[in-house]
Number of protein chains: 2
Amino acid sequence: MIEKSIRVFIVDDHPMVIEGMTAMLQQTPSIEVAGYAMTAASCLGYFVNQTADVVLMDINLPDMSGIDLCKVLKQKFSDLRILGISNLSQGSYVQEMMKQGASGYVLKNASKEELVGAIHKVNQGKQHLSPDAGQAMRKEIEKQKEMPLITKREKEVLALIVQGLTNPAIADKLFISASTVDSHRKSLLAKLDAKNTAALVSYALNHHLVEEE
Amino acid sequence: MIEKSIRVFIVDDHPMVIEGMTAMLQQTPSIEVAGYAMTAASCLGYFVNQTADVVLMDINLPDMSGIDLCKVLKQKFSDLRILGISNLSQGSYVQEMMKQGASGYVLKNASKEELVGAIHKVNQGKQHLSPDAGQAMRKEIEKQKEMPLITKREKEVLALIVQGLTNPAIADKLFISASTVDSHRKSLLAKLDAKNTAALVSYALNHHLVEEE
DNA sequence: AGAAAAATCCCCTGAAAAGGGGAGGCGGAG
DNA sequence: CTCCGCCTCCCCTTTTCAGGGGATTTTTCT
């Protein structure tokens, strides 16, 4: 029985990883490396004239996040299967990736067997998540359930508190009264179970409730 | 002219990277991949009976930090040249690595040419730093010069402030008076150019002046 | 349309922190 | 030995925060 081999396209900015994946996949007859790109731009360029079945895509690209690239590719080529690749098993990334249409996620410390297996699975329209990635994603979902607490406004206030602004200063920035800011501050203290500003800021930074770092 | 090829040993917990580096290096006649290990333990096991000229070593290993492994290897085999490998160009790691006797540092996004070049350079007893890594290291040194400000006691107080303790509570913990704690707090505010507790905590966490995260 | 949640604003009191000053002891570096 | 930095402690005042209420409007979800 003759099967068409799966055409895989690799997007990663690390030459080592490209070489490694290529080396791994070349040993597998059912898989064929159709090409690779080291930037999102050149990846998109490739897909103008050519195509592939599965894209192995690093989340961290120099010119565009893998999440955005995933979105763009799926919009143009809905049949394309995308497999996210990253060394970090941060649930939030995994989640975002899947939301944007990725079919799976493997970590960079995946074995050859897992990688090949994942490609086959994804090519059949199934999903594949690395054990750690899946776990991280589940944890992330748990977390979000545990504390959907903070409202938009509170988050804004929190961000300004973290920046070292006082209530009056925050009031100015948000065009509300200092009393209101104080109300939000009190809610935050209660919700996050902090008993003063220091604990509040610590919590916010350690739980990534605010941007910047 | 016949030259002995350089025996390279690879230590990395990512199969992809091992495959990738092996693939890259096999194309280079002057270099021979003597073996590889995915854990510090198996690396040490290898060197009981065998040896190599250059070790390519990832900083992030599952069972031991690359920095510690570097130290151990250099103690036992001072002739061994060690080339650190990592995707993060964090200056502090680079510095630590070099302190422990590493001969160089390349980033995972290094090209085949750079990798091969670095191996040759290091094998000749020279040093090699990836451009980005070198830059990161210089920045780190700059940083440390910019602010050796905080004293031991201040750091202790800062850590407790970050944990959300008030002056009286800190005073209790450190067996000093609340007035003294306040003095330290004032010093911190002045030194770190923060105008309140929130800014202080932010600064401390963002600049890793305290443990835990 | 009606209930729930969020956002807005205000009062009060006491505690903590910010900002300013001064001062004594102690140990290391010049 | 003397100076300087660090640690220690205290005084003062003003501002900000914490904790407890209560109240109104707007948004959101059902």
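Any value given below was found using the heavy atoms of this structure, including those in side chains, with hydrogens, waters and symmetry copies removed. Protein chains get the first letters and strands the later ones, always in sequence-line order, with residue 1 at the start of each. For clarity, every value in this text was computed on a predicted model and none was experimentally measured.
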Requested in this report: State the CD1-OG1 distance between Ile18(A) and Thr22(A), to the nearest 0.5 angstrom.
Outcome: 7.0 Å
Requested in this report: In whole angstrom, give the distance that lies between atom CD of Glu156(A) and atom C1' of dT8(C).
Outcome: 14 Å
Query raised in the report: What pair of heavy atoms forms the shortest contact from Ser42(B) to Ala37(B), and how long is it?
Result: OG-CB, 3.1 Å
Requested in this report: For salt bridge (Lys or Arg N to Asp or Glu O under 4.0 Å), just list the numbers for Asp12(A) and Lys108(A), CA-CA rounded to whole Å, side-chain angles, deciding distance to a tenth of an Å, and then say yes or no.
Outcome: CA-CA 11 Å; Asp12(A) 197 306; Lys108(A) 273 192 183 163; 3.6 Å; yes
**Report entry** Phe9(B) ring center within less than 6.0 Å of Tyr36(B) ring center
**Finding:** no
Requested in this report: To the nearest 0.5 angstrom, please state how far the NE2 atom of His120(B) sits from the NE2 atom of His128(B).
Outcome: 13.0 Å
Query - From Asn167(A), Leu174(A), Val210(A), residue fulfilling side chain to side chain contact (heavy atoms under 4.5 Å, CB included) relative to Leu160(A) - result: Leu174(A)
Query raised in the report: At their closest point, which heavy atom of Met24(A) faces which heavy atom of Ser111(A), and how far apart are they?
Result: CE-C, 4.5 Å
Query raised in the report: If you fit an axis to the five pairs at each end of the helix from dA1(C)-dT30(D) to dG30(C)-dC1(D), how big is the angle between those two axes, to 10 degrees?
Result: 70°
Report summary line: Quick tally for nucleotides 7-21 of chain D: nucleotides whose base has a protein heavy atom under 4.0 Å get B, sugar-phosphate-only ones S, the rest -, giving SBBB------SSBB-
Query raised in the report: How far does CG of Asn123(A) sit from CZ of Arg7(A), to the nearest 0.5 angstrom?
Result: 9.5 Å
